[in-house]
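The sequence lines fix the lettering, A, B, ..., with proteins before strands; numbering per chain opens at 1.
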2 protein chains.
Amino acid sequence: MPLSKTNSNRGRNSRIQREKRELILGAALEVFAAHGFRGSTIDQIADAAGMSKPNLLYYFGKKEDIHQSLIERLMDTWLDPLKAIDANGDPLAEICAYIKRKLEISRDFPKESRLFANEILQGAPRIISMIEGELKTLVDEKAKLIQGWMNEGKLNPCDPHHLLFSIWATTQHYADFDVQVRAVLAKDTQGDAHFDGAAVFLENLFCKGLKPRT
Amino acid sequence: MPLSKTNSNRGRNSRIQREKRELILGAALEVFAAHGFRGSTIDQIADAAGMSKPNLLYYFGKKEDIHQSLIERLMDTWLDPLKAIDANGDPLAEICAYIKRKLEISRDFPKESRLFANEILQGAPRIISMIEGELKTLVDEKAKLIQGWMNEGKLNPCDPHHLLFSIWATTQHYADFDVQVRAVLAKDTQGDAHFDGAAVFLENLFCKGLKPRT
DNA sequence: ATAATATTTTATCAATTGGTCAAATTTTGA
DNA sequence: TCAAAATTTGACCAATTGATAAAATATTAT
């Protein structure tokens, strides 16, 4: 009988369980990010994880379970920076910090970004409820906050929703369109050097436009 | 013997050939845009085109041929707006017009945009040579032009490559992340009304930042 | 009208895919 | 140590997939 839960060092909580599940998720992230859900196969993931397909399926019963796990753990990484925008902070500084954090996520978690992009691009069938629920609620709240700042004259006025879209688009672009960015820049195709240039550019683009004319 | 070329009203140039190939490409665009290359099946495309799989394969010998055809015809749509930036025009007006055109393409050809995004996301295996060749050449040329404008004080200085990336990212976002945009805005999930808001926002964002302080 | 040609259908194929099963092996706790 | 539980393996399965071949049907030019 597999996967009992009674004993703390047996079943789902054993060292092997934790390590292998981690191994599988890492391999699956690679594969799903590169091919989307439908384009990825369990065999590919099992290969990447260095184990047999039945062995992988011992840890995750179905292909969709692996994907679901990845999406769930991704969501915190995805929403945290937006949550961190502080109503009590300096408006311009908060927006700039948000942009910086989002860009760092593109640099440090590009595969996660591509996993998310693949999912949205393909109609978000497995996360639409989260988008319409948790994400929308959070976005509306922060949009209201930003609108308030604009009403107080602390930021130049513009549509807060489109502002957020633009921040998402510009920062995630460096992860999602990585291949194109590197091909076009063509210098030092390895490495993350171009992220510094991106940070300078984006801070200038958004903050110059948002700073109120005194 | 299929597909002879001798007679102008026979073979590849016949009415049926042209119409069916068009029908297939339309169906394939829908499917590839929604699932990426690997995630799409010939059966899906044949279904969407209302014909049998062998019949479809009579017009396009392989799955990859259909995709290739789509990519090829997409490329003009993709590169034309960038080509249209006129060295003799007013710098700020040229950039603004480019942004507007790119946004219109996201509105009018969202499936093409998602097809392209899927391809890049998944490592661009079938178009990397075009990216490294034709696209890079064109981008470098236009980046030089924009840099010249900045040197003459006609635009505020910034990195032209990152400027182009940001324009691509923000405009294509409305096609590629359409599901998320609509879910977050949540009003009038149908229609393209939000594109007007996006146009206003983006013109303000880019042009306020780029306009030289007089 | 009819023969040549083009198109469509039916049947089929080997390979791949998601997933199961029972047997073999390893790990664990007492 | 040793039995119970957990893990791994190899052999399978039915469904799907990309693709082919040949026969049947429809279209075209004369």
Side-chain angles (χ1 to χ4, degrees), chain A residues 1-25 27-28 30-32 34-70 122 125-126, chain B residues 1-25 27-28 30-32 34-70 122 125-126:
Chain A
M1 187 203 302
L3 299 181
S4 86
K5 275 174 192 168
T6 49
N7 193 316
S8 70
N9 216 18
R10 281 277 180 90
R12 274 194 203 285
N13 290 320
S14 73
R15 197 196 84 252
I16 288 184
Q17 278 280 328
R18 268 178 285 120
E19 283 180 3
K20 293 274 161 137
R21 289 175 73 90
E22 207 54 42
L23 182 69
I24 292 167
L25 288 175
E30 196 107 21
V31 175
F32 282 133
H35 299 109
F37 182 77
R38 292 213 39 186
S40 302
T41 72
I42 302 182
D43 289 281
Q44 282 178 307
I45 299 170
D47 273 1
M51 61 175 68
S52 67
K53 180 164 58 171
N55 197 9
L56 182 150
L57 286 166
Y58 171 75
Y59 292 96
F60 292 89
K62 289 182 304 174
K63 183 184 174 185
E64 196 155 343
D65 292 346
I66 313 173
H67 195 264
Q68 185 64 28
S69 271
L70 280 174
Q122 312 196 352
R126 285 162 290 271
Chain B
M1 188 201 300
L3 299 181
S4 87
K5 274 175 195 169
T6 48
N7 193 316
S8 70
N9 215 18
R10 281 278 179 87
R12 272 192 204 288
N13 289 319
S14 74
R15 198 195 84 250
I16 288 182
Q17 278 280 329
R18 268 177 285 119
E19 283 179 4
K20 295 272 164 140
R21 289 175 74 92
E22 207 55 41
L23 182 70
I24 292 168
L25 287 175
E30 196 106 21
V31 176
F32 282 134
H35 302 290
F37 182 76
R38 289 214 40 185
S40 302
T41 71
I42 302 182
D43 288 282
Q44 283 178 305
I45 299 170
D47 273 2
M51 61 174 70
S52 68
K53 180 163 57 174
N55 196 9
L56 183 150
L57 286 166
Y58 170 75
Y59 293 98
F60 292 89
K62 290 182 303 176
K63 184 184 173 185
E64 197 157 341
D65 291 347
I66 313 173
H67 195 264
Q68 186 64 29
S69 271
L70 281 174
Q122 312 196 351
R126 285 162 290 272

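- Put simply, B:Ser52 has a side-chain N or O that comes within less than 4.0 Å of OP1 or OP2 on C:dT9.
- Note: CD (B:Gln17) to P (D:dT28) measures 12 Å, nearest angstrom.
- One finds the CG atom of A:Leu25 at 9.5 Å from the CD1 atom of A:Ile45 (value rounded to the nearest 0.5 Å).
- Judged by distance alone, with hydrogens and angles left aside, the side-chain atoms of B:Arg21 form a donor-acceptor pair with the main-chain N or O of B:Tyr59 at under 3.5 Å.
- Atom CZ in B:Arg18 sits about 15 Å away from atom C1' in D:dT27, given to the nearest Å.
- For the pair B:Tyr58 OH and D:dA22 C1', the interatomic distance rounds to 15 Å; values are reported in whole Å.
- Contact detail for B:Gln68 and B:Arg126: the closest heavy-atom pair is OE1-O, 4.5 Å.
- The NE2-C1' distance, from B:His35 to D:dT17, rounds to 15 Å in whole Å.
- Between B:Tyr59 and the phosphate of C:dT8, there is a side-chain N or O to OP1/OP2 separation shorter than 4.0 Å.
- In plain terms, the two heavy atoms of A:His35 and A:Ser40 that are nearest each other are CB-OG, 3.6 Å.
- With rounding to whole Å, A:Asn55 atom CG is found 15 Å from C:dT20 atom P.
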Review point. B:Phe32 and B:Gln44: side-chain contact (heavy atoms from CB on, under 4.5 Å), yes or no, with the steps?
Key: CA-CA 10 Å; B:Phe32 282 134; B:Gln44 283 178 305; over 6 Å; no

Scan nucleotides 18-20 of chain D against the protein and return all N/O pairs shorter than 3.5 Å with their distances rounded to 0.1 Å.
{"unit_1": "D:dG18", "atom_1": "OP1", "unit_2": "B:Ser40", "atom_2": "O", "d": "3.2"}
{"unit_1": "D:dG18", "atom_1": "OP1", "unit_2": "B:Lys63", "atom_2": "NZ", "d": "3.1"}
{"unit_1": "D:dG18", "atom_1": "OP2", "unit_2": "B:Ile42", "atom_2": "N", "d": "2.8"}
{"unit_1": "D:dG18", "atom_1": "N7", "unit_2": "B:Lys53", "atom_2": "NZ", "d": "2.9"}
{"unit_1": "D:dA19", "atom_1": "OP2", "unit_2": "B:Lys63", "atom_2": "N", "d": "2.9"}

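- Note: B:Lys63 NZ to B:Ile42 CD1 = 7.0 Å, rounded to the nearest 0.5 Å.
- When rounded to the nearest whole Å, the span between CD of A:Gln44 and P of C:dT16 equals 12 Å.
- Summarising the geometry, the separation between CE on A:Met51 and C1' on D:dG10 is reported as 16 Å, rounded to the nearest angstrom.
- Between A:His67 atom NE2 and C:dG19 atom P the separation is 14 Å, expressed in whole Å.
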